[in-house]
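To start, the structure under review is shown below, and the notes come after it.
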Amino acid sequence: MRVLVTGGAGFIGSNLVDRLLADGHEVHVVDDLSTGKRENLAGAAGQDRFTLHEMDIRDPALVALATELQPEVVCHLAAQISVRKSVADPVHDARLNVEGIAAVLTAAHEGRTRKVVFASSVAVYGRPATIPVPADAATDPRSPYAASKLSGEIYLATFRALYGLEYTTLVLSNVYGPRQSPDGEAGVVAIFTDALLNGTPTVLYGDGTQTRDYVFIDDVVDGFVRACGAEGNGRRFNLGTGIQTTDRRLHSLIADAAGAQDKPGFAPPRPGDLPAMAVDPVPAHDGLRWQPRTDLPTGVKKTVEWAANRRMT
Ligand SMILES: NC(=O)c1ccc[n+]([C@@H]2O[C@H](COP(=O)([O-])OP(=O)(O)OC[C@H]3O[C@@H](n4cnc5c(N)ncnc54)[C@H](O)[C@@H]3O)[C@@H](O)[C@H]2O)c1
């Protein structure tokens with residue numbers, strides 16, 4: 001199968017690329033390397049079934065590329081991914097995430113693509129009434145990022161109705177693992193890992209009881225691969241574990257794996273931060289035969305090992 005991965009030089013995208021290549025597929029990445037890194041594609045770069053197209057997804061040349069390649073599936077991950085940046089500059093967020101999906105869907109349609117698999121976010125649920133959040137819970141976007149992800153979901157349904165272009169939406173909880181960047185504010189696992197390996201201070205916002213649903217990268221990639229098939233057409237699934245982990249426990253797990261002291265500092269809670277989050281993955285068991293298989297201690301250990309090895313090189 002020929003697959004086009006937008007954002008394929010990023011954290012999730014590059015791990016997906018490696019898995020698709022290992023499964024024998026031909027993979028084309030479209031990425032402008034704004035946050036993605038060439039080094040993430042070092043393993044893919046030597047393979048003849050792989051091509052990196054350094055390009056903005058909104059470049060009109062994307063249509064010509066898709067028309068030429070006719071990718072069977074497009075996995076759309078390229079995005080502005082920061083909630084806080086979206087609040088600071090909603091227009092920039094919309095340009096990337098709303099204009100971006102319209103451009104990608106237009107290209108997919110012109111390229112006779114069978115299916116688009118889209119990376120959405122738990123942000124679309126806002127402040128959910130029930131945890132773990134069911135995949136059919138009411139959406140309640142409370143940031144421009146959440147609004148732009150939800151727009152993406154609406155565009156998918158629109159192109160399906162217009163042209164029969166199939167899609168599956170994957171609502172990702174907190175994804176962690178190798179290649180996640182500790183730069184910036186996203187990715188608390190990467191931030192704690194980096195700090196604890198470097199012996200620099202770590203900070204928990206609030207009293208440490210805030211919870212999130214951490215899902216390991218290999219499991220998320222497996223969800224994307226399953227969604228590339230015929231299953232789950234026209235549906236959205238949560239990719240999470242349903243398990244809430246407190247900030248304090250996460251810190252202890254990472255400190256333990258890094259052989260560092262488990263002594264975080266504490267700072268006042270940040271305005272707008274949710275006190276708790278987890279999503280219900282059960283419909284993905286039925287609809288995609290997907291299950292998260294990596295427990296948090298195992299995933300944290302793999303992540304810390306990867307980060308420690310990278311520091312050596
Ligand atoms: N990491 C998470 O926990 C998480 C959670 C929910 C949803 N998501 C979604 O998953 C997707 C991937 O996230 P990630 O964590 O791998 O982020 P990332 O920043 O590592 O990857 C995004 C990639 O998109 C590329 N990109 C950005 N704008 C582009 C443009 N205009 N044209 C071409 N390429 C562009 C970047 O260079 C980067 O390689 C995003 O859509 C994000 O919203 C991630």
Answer whether the closest heavy-atom distance between the side chains of [X] and [Y] falls below 4.5 Å.
X	Y	answer
E166	T113	no
D32	E54	no
H53	H28	yes
V215	N174	no
V116	L156	yes
P269	Q210	no
I254	T202	no
H25	C228	no

Cation over ring face, R270 and Y205, 6.0 Å, 45°: yes
More than 12 non-hydrogen atoms from neighbouring residues, nucleotides or ligands closer than 6.0 Å to [atom1] on [X], yes or no?
X	atom1	value
K301	NZ	no
F159	CZ	yes
R289	CZ	no

Between [Y] and [X], is there a salt bridge with N-O shorter than 4.0 Å?
X	Y	value
R84	D273	yes
D18	R179	yes
E72	R2	no

For residues [X] and [Y], report the shortest heavy-atom separation together with the two atoms involved.
X	Y	result
T303	P178	OG1-CD, 4.0 Å
V279	G240	CG2-CA, 3.7 Å
A135	P283	CB-CG, 4.4 Å

Qualifying residue, where the test is side chain to side chain donor-acceptor pair (under 3.5 Å) with R248 and the options are T209, D262, T211, D207: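 Going through the options one by one, the only one that passes is D262.
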So, the side chain of [X] versus the backbone of [Y]: is there a donor-acceptor pair under 3.5 Å, distance only?
X	Y	answer
K149	A119	yes
T6	A78	yes
Q80	S82	yes
R49	L21	yes
D93	D89	no
E231	R226	no
D280	V282	yes

Aromatic ring centroids of F192 and H251 under 6.0 Å?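 Yes - the distance between ring centres of F192 and H251 falls below the 6.0 Å cut-off.
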Is it the case that the ring center of F216 lies less than 6.0 angstrom away from the ring center of Y176?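 For Y176 and F216, the ring centres are under 6.0 Å apart.
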I101-L4 co-clustered via ILVMFWY side chain contacts under 4.5 Å: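 Yes, one cluster joins them.
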